[in-house]
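Below is one structure; the comments refer to it alone.
Residue numbers count from 1 along this sequence.
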Amino acid sequence: MYLVSACLLGQDSKYNGGNNRNEAVIRFAERHSVFPVCPETTGGLPVPRPPAERVGKRVVNREGEDVTVQFLAGARSTLSIALAEAERRGERLEGAILKANSPSCGSGVIYDGTFTGNIIDGNGCFTELLNELGINVITEKELDNND
């Protein structure tokens, strides 16, 4: 089973109320067992919500509110739910395709905390948790290159 950012599958869970539907991800989901995830909404953040970016180990939204607690709680809860779902299905967690640059799901690079579109090396909160468990994470950009 693969974890896939719900927004990439067309679910309206993005901070602005929309989604990031990605056709390569949709095609992947048609051929593999997937489980949609959105650590931000699982952590109790609403849709829509102010955009947020990582600033060091903290996550801060555009209004300056520290939302680190929600991001970390969402990451832990999402992992717990996903592991339970994999067990229920009798499958193993094979990997994840998560939203590039996101403060939750970014892998390798994330937005830099200035809300200007600049990116820096780093991972989102959920990606960090998956990496600690040895679960391979790629973004939709990497899938586009390999689909």
Side-chain angles (χ1 to χ4, degrees), residues 1-55 57 59-62 67-68 70-147:
M1 181 179 88
Y2 291 87
L3 304 181
V4 178
S5 289
C7 65
L8 296 174
L9 294 171
Q11 294 181 19
D12 292 336
S13 55
K14 190 174 169 179
Y15 74 90
N16 66 4
N19 65 67
N20 294 301
R21 183 182 170 92
N22 180 286
E23 292 307 315
V25 174
I26 300 294
R27 286 190 302 274
F28 181 91
E30 290 169 352
R31 299 186 314 264
H32 298 86
S33 175
V34 301
F35 185 66
V37 296
C38 180
E40 295 174 24
T41 58
T42 301
L45 294 170
V47 177
R49 59 188 169 273
E53 295 184 2
R54 290 195 83 175
V55 180
K57 289 293 183 184
V59 183
V60 179
N61 69 21
R62 184 172 280 161
V67 289
T68 307
Q70 293 93 327
F71 273 72
L72 294 178
R76 288 189 299 270
S77 293
T78 299
L79 178 60
S80 178
I81 292 164
L83 290 172
E85 178 64 14
E87 184 176 331
R88 186 192 70 74
R89 293 183 186 187
E91 299 176 9
R92 66 180 185 84
L93 196 51
E94 296 183 65
I97 303 169
L98 303 179
K99 180 65 188 109
N101 306 333
S102 159
S104 287
C105 297
S107 179
V109 294
I110 56 174
Y111 291 115
D112 71 357
T114 63
F115 298 95
T116 60
N118 292 326
I119 58 171
I120 58 171
D121 290 343
N123 292 313
C125 299
F126 185 51
T127 298
E128 281 184 350
L129 188 57
L130 294 176
N131 286 342
E132 288 172 10
L133 297 175
I135 297 167
N136 186 48
V137 177
I138 65 169
T139 71
E140 76 279 12
K141 293 177 181 182
E142 293 164 282
L143 185 65
D144 282 340
N145 293 333
N146 297 313
D147 189 43

### Query
Does the side chain of Leu9 reach to within under 4.5 Å of the side chain of Ile26, using non-hydrogen atoms?
yes
### Message
For the backbone of Thr114 and the side chain of Glu53, can you confirm whether one donor and one acceptor N or O come within less than 3.5 Å of each other?
### Response
yes
### side chain to side chain contact (heavy atoms under 4.5 Å, CB included) between Lys57 and Thr68, worked out
CA-CA 8 Å; Lys57 289 293 183 184; Thr68 307; over 6 Å; no
### Task
Mind checking ring-ring contact (aromatic ring centres under 6.0 Å, His included) for Tyr2 and listing every partner two or more places apart, or none if nothing turns up?
Phe28, His32
### Task
Begin from the C-alpha positions of Ile97 and Asn22 and carry the test side chain to side chain contact (heavy atoms under 4.5 Å, CB included) through to its verdict.
CA-CA 11 Å; Ile97 303 169; Asn22 180 286; over 6 Å; no
### Message
So, applying side chain to side chain contact (heavy atoms under 4.5 Å, CB included) with Leu98, which one of Leu8, Val37, Asn123 is it?
### Response
Val37
### Query
Between Ser80 (side chain) and Arg76 (backbone), is there a donor-acceptor pair under 3.5 Å?
no
#### Entry: Salt bridge flag under 4.0 Å for residues Glu85 and Arg89
yes
### Message
A side-chain contact here means heavy atoms from C-beta on lying under 4.5 Å apart; do Phe35 and Ile81 qualify?
### Response
yes
#### Entry: Spacing of Asn118 atom CG and Ile110 atom CD1 [to the nearest 0.5 Å]
12.5 Å
### Message
The test is side chain to side chain contact (heavy atoms under 4.5 Å, CB included); show your working for Leu133 and Leu79 and say whether it passes.
### Response
CA-CA 10 Å; Leu133 297 175; Leu79 178 60; 3.2 Å; yes
### Task
Side-chain contact test, heavy atoms from C-beta onward, threshold under 4.5 Å: evaluate it for Glu128 versus Arg54 and give yes or no.
yes
### Query
Take atom CD in Glu87; do more than 12 heavy atoms of anything else shown fall under 6.0 Å from it?
no
Could you list the donor-acceptor pairs under 3.5 angstrom formed between side-chain atoms of residues 100-109 and any protein atom two or more places apart in sequence or on another chain?
| from | atom 1 | to | atom 2 | distance (Å) |
| --- | --- | --- | --- | --- |
| Ser102 | OG | Ser104 | N | 3.0 |
| Ser102 | OG | Cys105 | N | 3.0 |
| Ser104 | OG | Glu40 | OE2 | 3.1 |

### Query
Can you name the closest pair of heavy atoms from Asn16 and Pro48 and give their distance?
C-CB, 3.7 Å
### Task
State which residues pass side-chain contact (heavy atoms from CB on, under 4.5 Å) with Pro50; sequence neighbours excluded, sorted by chain then number.
Asn61, Glu63
### Task
State, with a plain yes or no, whether a side-chain heavy atom of Asn20 is found less than 4.5 Å away from one of Ser5.
no
